[in-house]
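What follows is a short report on a single structure.
Each chain gets a letter, A, B and so on, in the order its sequence line appears, and its residues count up from 1.
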Amino acid sequence: MIQEVQQEVRLVTGAMAALLYNEDTSTKTNLLNRGVWMMKEAVASAGMLKQKMNNRFRRNGIAYGLISGLTFGLYSTVVALAMMKDPFLGVVGAFAAPIVASAINDALAAIWLLIWNIKNGKIKEIGRSLVTIPGLMVAIAAVFGGPIANGAYLVGIDMAGAAAIPISALCPMFGAIFARMFLKQKIDKRVALGMFICVIGAALISYVKPEGGVDNFTLGIIFALVAALGWGLEGVFATFGMSMLDSNIAITIREGVSGIVYIAVLIPIFGATDLFASALGSVSPMLIIAAAALFTAISFLTWYMANNMVGVAVGMSLNITYVLWGVVFAAIFLGNALTPTIIAGAIIITLGALLVSMNPMDFFKKKEA
Amino acid sequence: MPLLPIRSRVLLFMSTVQQANIDDAMDALKSEYGGERQFTRANFLDHMLSLQANGLIDEVHYKLDANGELCMYYAINDEGIRTINKYLPKKWTQN
């Protein structure tokens, strides 16, 4: 971006130099006038370059936000796909398979991110960050967002199918409520209306149980709600920590802490150690989860990049489009039944979540230079 | 003393000057982070833009420098100062 701007500036200054030296300027006045004119031109072109840079920055931010939503939708589907393979298939108990899958997913995502950070010479930043308050906040946020929310999300998808995905997107609503409680942020009319729309969408999805094939539908919906609560809390804690750390580092800490807590705490608690061991030894599901982990890493990386480029509100709303992608991918790759109520509910919740996270006018308003 | 995370350090540096551009920040922090591969102009631009997007510093003006490059100047704001005092280790903020 900067190089292109530099090149354009060089072109402009080059043209000005050509004017100055090649043209026959006979009088001093003429030269002076030309000088003033050129200065004005230079100021104007600096402004244009700045505007161009700002526009490009914003466009890229929006693109990253959309990529984060798309890849999170892919992640959800790909993990669910892995859980349909041996050794996950036919595992007794609702929790073991999703927990083992998430543990491997988050640990692998952390490894992908570690490789990325080593490549960029940022590896020392991880230790530095963990001994500061912002770093610790990110680690606490990781526990809510990872083992609690993400675990519940996958249990929800496992039980209720695609319907769990839009329910989990109630997280900005809970985020707004927690921000009201802990950060004393006000809930204005727009946010309240968005929350109301979210609840209608959620009620629509939960009320009509899809026919056949989906066991424990209601319980799955409840787990998806737990996921939304956890992600809402993660948002509140992460707000404390993220702004002062490199987002690459914050995400690595997040995925690393999450993976470690899964493996060290949740897997032993839920007696899933044997499943964990046999999953690690099976090539096919491991490859699928490695792909899912790559999507996770890309999703979080681009999400936080977007947050830092276009603000958390817009970034969060673009990320939330994972609901639509997730439902579509689940229908395509998992053969999940897409009832009209799930589609309508997904669209309603997406719209409500958008309204909670941002003022729709902000999308069209150009940012001041 | 162990180093701070670099983005926090950039913010702390901004609290010690009226305003600064990317080169000012890089010059000031060269003795601490200069040997690391992450010490690049692109990363410093990223730090500044992110701190700005998070509302901790403001862009005060910009111009074309002698090389014809776009050069932005930033200044810390009240929220940035509050964040530093609240979240950074006291040993860093007291001197």
Side-chain angles (χ1 to χ4, degrees), chain A residues 1-3 5-14 42-43 45-47 49-50 52-54 57 61 117-137 239-250 304-312 315 368-369, chain B residues 1-12 14 22 32-73 79-80 82-93:
Chain A
M1 183 164 65
I2 286 293
Q3 281 87 341
V5 172
Q6 284 170 5
Q7 199 183 350
E8 288 176 39
V9 174
R10 271 184 213 118
L11 283 177
V12 172
T13 44
V43 171
S45 59
L49 288 177
K50 187 69 194 9
K52 212 166 176 178
M53 186 184 136
N54 284 354
F57 193 67
N117 283 316
I118 291 170
K119 189 181 155 286
N120 290 314
K122 292 182 177 175
I123 199 71
K124 284 184 184 164
E125 286 283 302
I126 294 174
R128 280 172 199 160
S129 303
L130 277 173
V131 296
T132 62
I133 296 173
L136 287 177
M137 287 290 183
T239 310
F240 282 112
M242 296 297 296
S243 60
M244 300 179 75
L245 301 177
D246 188 324
S247 39
N248 292 287
I249 303 306
Y304 282 98
M305 279 159 79
N307 285 346
N308 275 334
M309 292 168 88
V310 287
V312 176
E368 291 273 309
Chain B
M1 189 150 64
L3 293 178
L4 281 177
I6 193 160
R7 189 164 292 178
S8 307
R9 185 66 185 86
V10 172
L11 184 64
L12 184 62
M14 294 304 293
I22 292 169
E32 293 168 43
Y33 302 88
E36 298 176 14
R37 266 192 306 124
Q38 63 162 335
F39 193 79
T40 63
R41 219 165 178 284
N43 281 340
F44 268 77
L45 177 66
D46 190 38
H47 295 316
M48 289 291 194
L49 292 173
S50 296
L51 288 171
Q52 187 194 0
N54 285 309
L56 304 177
I57 62 174
D58 298 317
E59 187 187 292
V60 281
H61 70 102
Y62 60 87
K63 62 168 193 187
L64 292 179
D65 68 10
N67 301 321
E69 285 181 37
L70 200 54
C71 175
M72 283 88 75
Y73 287 82
E79 186 60 33
R82 247 200 310 280
T83 305
I84 284 177
N85 291 332
K86 211 167 168 185
Y87 295 120
L88 287 191
K90 290 286 168 282
K91 57 187 176 188
W92 278 96
T93 52

Worksheet entry | Euclidean distance, Ile249(A) CD1 relative to Gln38(B) CD, rounded to 0.5 Å | 7.0 Å
Discussion item. Using 0.5 Å steps for rounding, measure from the CG atom of Leu70(B) to the NZ atom of Lys52(A).
Written reply: 12.0 Å
Discussion item. Please classify the contact between Leu51(B) and chain A as side chain, backbone, both or neither, with a heavy-atom cut-off of under 4.5 Å.
Written reply: side chain
Side chains of [X] and [Y], heavy atoms from C-beta outward: is any pair under 4.5 Å?
X         : Y         : result
Glu125(A) : Arg7(B)   : no
Met244(A) : Leu88(B)  : yes
Pro2(B)   : Val131(A) : no

Practice prompt. Identify which of Ile6(B), Thr40(B), Leu11(B) forms the greatest number of heavy-atom pairs closer than 4.5 Å to chain A.
Written response: Ile6(B)
Fill in: Heavy-atom pairs under 4.5 Å with chain A, option from Ile84(B), Asn43(B), Val10(B) with the top count
Asn43(B)
Discussion item. By the definition side chain to side chain contact (heavy atoms under 4.5 Å, CB included), identify the one residue from Ile133(A), Leu136(A), Thr132(A) that meets it with Tyr87(B).
Written reply: Ile133(A)
Item to complete: Apply side chain to side chain donor-acceptor pair (under 3.5 Å) to Arg37(B) and list each qualifying residue two or more places apart in sequence or on a separate chain.
Response: none
Practice prompt. Sort Asp246(A) into side chain, backbone, both or neither according to what part of it lies under 4.5 angstrom from a heavy atom of chain B.
Written response: both
Item to complete: For Phe44(B), check ring-ring contact (aromatic ring centres under 6.0 Å, His included) against everything at least two apart and list the hits.
Response: Phe39(B), His47(B)
Worksheet item: Is the shortest side-chain N to carboxylate O distance from Arg128(A) to Glu36(B) below 4.0 Å?
Response: yes
